[in-house]
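Remember, it's 1-based here, ligands and their atoms both numbered in the order they're listed.
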Amino acid sequence: MSTVVNTARPARLGILISGRGSNMVALAEAVHEGRIPNAEISVVVSDQANAAGLAKAKERGIETLVIERRRRTRAEHDREIAEALRARNIDLICLAGYMRILSSEFIDAYRGRILNIHPSLLPAFPGLDAQKQALEHGVKWTGCTVHFVDETLDSGPIILQRVVPVDEGDTVESLSARILIEEHQLYPEAVALVLENILGLSAGQPMTEAFEFTES
Ligand code: GRF
């Protein structure tokens with residue numbers, strides 16, 4: 001007789017941060033509230049020991065790791081991060097204010113499984129200070145983008161975007177704050193969408209590692 005053994009488990013997310021961690025918190029809250037179904041945040045990794053987001057993750061009972069670059073090459077640093085993620089069976093990696101470019105080896109190892117959030121309507125204003133770039137350019141609308149990470153800087157395939165108006169008299173701070181509100185909504189939506197479509201998950205249908213064995 002053949003029996004299917006269902007070792008259902010939630011999708012395991014790993015979040016990489018360098019600083020404040022407000023998007024990480026938004027993802028944690030969305031998981032907690034079921035807006036990202038069948039998922040858990042397994043680990044938060046920071047390349048900065050003093051990242052404020054680390055305490056916020058710990059408060060929520062999430063495992064945290066500090067993996068600093070020190071004097072290593074980018075590839076060596078990324079290898080340690082990849083090993084930590086692999087050891088925890090991470091399914092999806094969310095960059096949330098992670099201020100480093102990833103090595104091609106890392107991107108290759110997790111191709112299609114790394115997401116990033118960027119505070120502009122890509123492909124406009126990639127790189128640093130996207131909100132300042134938008135103000136300086138004089139655009140009337142900007143926003144935020146969640147995209148897959150590939151070897152290009154902020155140019156991987158777009159998953160979701162939200163539009164934010166630029167107001168008369170906006171400063172970098174006021175515009176950034178208005179975009180950040182939308183980021184906190186958008187990132188969880190995008191993660192839920194990816195889990196549903198890429199990893200084949202949907203509400204009520206947990207990740208399964210079904211396998212068969214034969215009873216004698
Ligand atoms: C956000 O604006 C995000 O779009 C960008 O870096 C910032 C991170 O903020 N990539 P936080 O650390 O999530 O608060």
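- The CG atom of Asp47 sits 7.0 Å away from atom CD1 of Ile81, with the distance rounded to the nearest 0.5 Å.
- Considering only heavy atoms from C-beta on, Arg60 stays 4.5 Å or farther from His32 through its side chain.
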Are any protein N/O atoms closer than 3.5 Å to the N/O atoms of ligand 1? If there are, list each pair with names and the distance to one decimal place.
from, atom 1, to, atom 2, distance (Å)
ligand 1, 2 (O), Glu183, OE1, 3.3
ligand 1, 2 (O), Glu183, OE2, 3.1
ligand 1, 4 (O), Ile117, O, 3.4
ligand 1, 4 (O), Glu183, OE1, 2.7
ligand 1, 4 (O), Glu183, OE2, 3.4
ligand 1, 9 (O), Arg20, NH2, 3.0
ligand 1, 10 (N), Ile117, O, 2.9
ligand 1, 12 (O), Gly21, N, 2.8
ligand 1, 13 (O), Ser22, N, 3.3
ligand 1, 13 (O), Asn23, N, 2.9
ligand 1, 13 (O), Asn23, ND2, 3.0
ligand 1, 14 (O), Arg20, NE, 2.5
ligand 1, 14 (O), Arg20, NH2, 3.1
ligand 1, 14 (O), Ser22, N, 2.8
ligand 1, 14 (O), Ser22, OG, 2.5

message: Between Arg71 and Glu76, is the salt bridge (charged side-chain N to carboxylate O under 4.0 Å, His left out) condition met? List the steps.
response: CA-CA 10 Å; Arg71 289 168 190 275; Glu76 284 166 348; over 6 Å; no
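- Donor-acceptor pairing under 3.5 Å is recorded for the side chains of Ser174 and Asp170.
- Looking only at side-chain heavy atoms (C-beta outward), Leu180 and Cys144 stay at 4.5 Å or farther from each other.
- To the nearest 0.5 Å, atoms CD (Gln48) and OH (Tyr98) are separated by 9.0 Å.
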